[in-house]
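Below is one structure, written out as structure tokens; comments come after it.
No experiment lies behind these values; they were computed from the predicted model shown. All values below were derived from every heavy atom in this structure, side-chain atoms included, with hydrogens, water molecules and symmetry-related copies excluded.
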Amino acid sequence: MAPAIQCRELRKTYDGKVEAVRGLNLAIDPGECFGLLGPNGAGKTTTIEILEGLLQPTSGEVTILGQSWKTHDRALREQLGISLQETRLSEKLTVRETIELFASFYQRPRSSDEVLDKLQLTEKADSWVGKLSGGQRQRLAVATALVGNPKILFLDEPTTGLDPQSRRQLWDIIRAFQRSGGTVLLTTHYMDEAERLCDRLAIVDHGQIIAEGSPADLIDRLGGHHVVEFSVSETGNGHTNEHWRVLPGVESVRDDNGVCSLTVREPHLTIPALLEAVGKRGAELLHLTTRQASLEDVFVNLTGRHLRED
């Protein structure tokens, strides 16, 4: 089956010198929810704008549903739904009027009643957009993307700033679109969201994909299924990451503002050895927790930054 979204050797250079995207290759299957993650300035926004047909690449090839933006511009726009991080809608229109306005842009849109029902906005159909809560506004933004009856949905950080309940409501909407056969390309700054929604994802940094796979595969490639986090006093004989790297079962070590994180496969072996090593160095253990390894750990190990850092 041909990919729903594909790009080969995608490059974008600004002013002939700033390389925002550097030879990026990507293939997203039909019916897949694919996540594109990366720190600010990594090139993911530029990549998505090229895939959406909003920006011309400097070089490389892009195909959407087997077609090119150069030859099938209008046909492709009929099959895409796009929800931006901040969709600005007229505050003096009602929710229904807004959906019907966007429906008028397409040849075969869904009915406004169907979209209102799916997005749980029926009770707000006659309310002004300016009177909606943050979660309702975000659901309306997704509604404007879905009303055209698209095959592919582009979602740029769709749940930023939402409360937990509103986030989960949008997750359900995304899953329902995918179950109906739709393809989703998602960007997010929430690692738990990427783990829950994405079948596969790619981590982008400096304009290139540095890791790609399912969330479980990427976590497994980290080298450990558990993380031991701890901090120790500065007294004693001193300590560096190398002192902890030699402990049994330790795959990697990271220091984050005084909190040391060990990725390990057998924490029942590592933790007793850690306690013994701390005691031998004359230090005091100030903090100790264990947890499952996450995508956040993968991201920090690969980029040296947390996803939400500038």
Side chains of [X] and [Y] in contact at under 4.5 Å (non-hydrogen atoms):
| X | Y | result |
| --- | --- | --- |
| T63 | E61 | yes |
| D199 | F34 | no |
| L153 | T183 | no |
| V264 | E251 | no |
| R110 | K118 | yes |

Is [X] reaching over with its side chain to a backbone N or O of [Y], donor-acceptor style, under 3.5 angstrom?
| X | Y | value |
| --- | --- | --- |
| T47 | G43 | yes |
| E9 | S59 | no |
| E19 | K12 | no |
| Q136 | S133 | yes |
| T94 | E97 | yes |
| D172 | Q169 | no |
| T270 | P248 | yes |
| K44 | G38 | yes |
| T263 | S252 | yes |

For [X] versus [Y], what's the shortest heavy-atom pair and its separation?
| X | Y | value |
| --- | --- | --- |
| R96 | S112 | NH1-OG, 3.5 Å |
| Q67 | A75 | OE1-CB, 4.3 Å |
| K92 | W128 | NZ-CZ3, 3.4 Å |
| N25 | I209 | O-CD1, 3.1 Å |
| E32 | Q178 | C-NE2, 3.8 Å |
| L51 | C7 | CD2-CB, 4.2 Å |

Supply the atom-to-atom distance [X] [atom1] to [Y] [atom2], rounded to the nearest 0.5 angstrom.
| X | Y | atom1 | atom2 | value |
| --- | --- | --- | --- | --- |
| R168 | T159 | CZ | OG1 | 10.0 Å |
| L295 | L218 | CG | CG | 6.5 Å |
| L26 | L10 | CG | CG | 9.0 Å |

Are [X] and [Y] connected, step by step, through hydrophobic side chains (Ile, Leu, Val, Met, Phe, Trp, Tyr) whose heavy atoms are closer than 4.5 Å?
| X | Y | result |
| --- | --- | --- |
| F177 | I152 | no |
| I82 | V62 | yes |
| L89 | L162 | yes |
| V228 | V259 | no |

Q. Looking at R291, R254, E296, which hits side chain to side chain contact (heavy atoms under 4.5 Å, CB included) with V227?
A.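 Passing option: R291.
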
Q | Exceeds 12 heavy-atom contacts within 6.0 angstrom, atom CD of E123 | A |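 Count not over threshold, so no.
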
Q: Verify the neighbour count for atom NZ of K124: are there more than 12 heavy atoms of other residues, nucleotides or ligands below 6.0 Å?
A: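 No.
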
Establish, from distance only, whether the side-chain atoms of [X] and [Y] form a donor-acceptor pair under 3.5 Å.
| X | Y | value |
| --- | --- | --- |
| E193 | W171 | yes |
| Q6 | R8 | yes |
| Q120 | R139 | no |
| T187 | D156 | yes |
| E229 | H287 | no |

Q.
The test is side chain to side chain contact (heavy atoms under 4.5 Å, CB included); show your working for V115 and F102 and say whether it passes.
A. CA-CA 12 Å; V115 174; F102 277 79; over 6 Å; no

(Q) Between the side chains of R167 and D192, is the shortest nitrogen-to-carboxylate-oxygen separation below 4.0 Å, so that they form an ion pair? (A)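 R167 and D192: salt-bridged.
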
Q: With K17 as the cation and Y14 as the aromatic partner, state whether NZ or CZ is under 6.0 Å from the six-membered ring centre and within 45° of the axis.
A: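 Cation-pi check for K17 and Y14: fails.
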
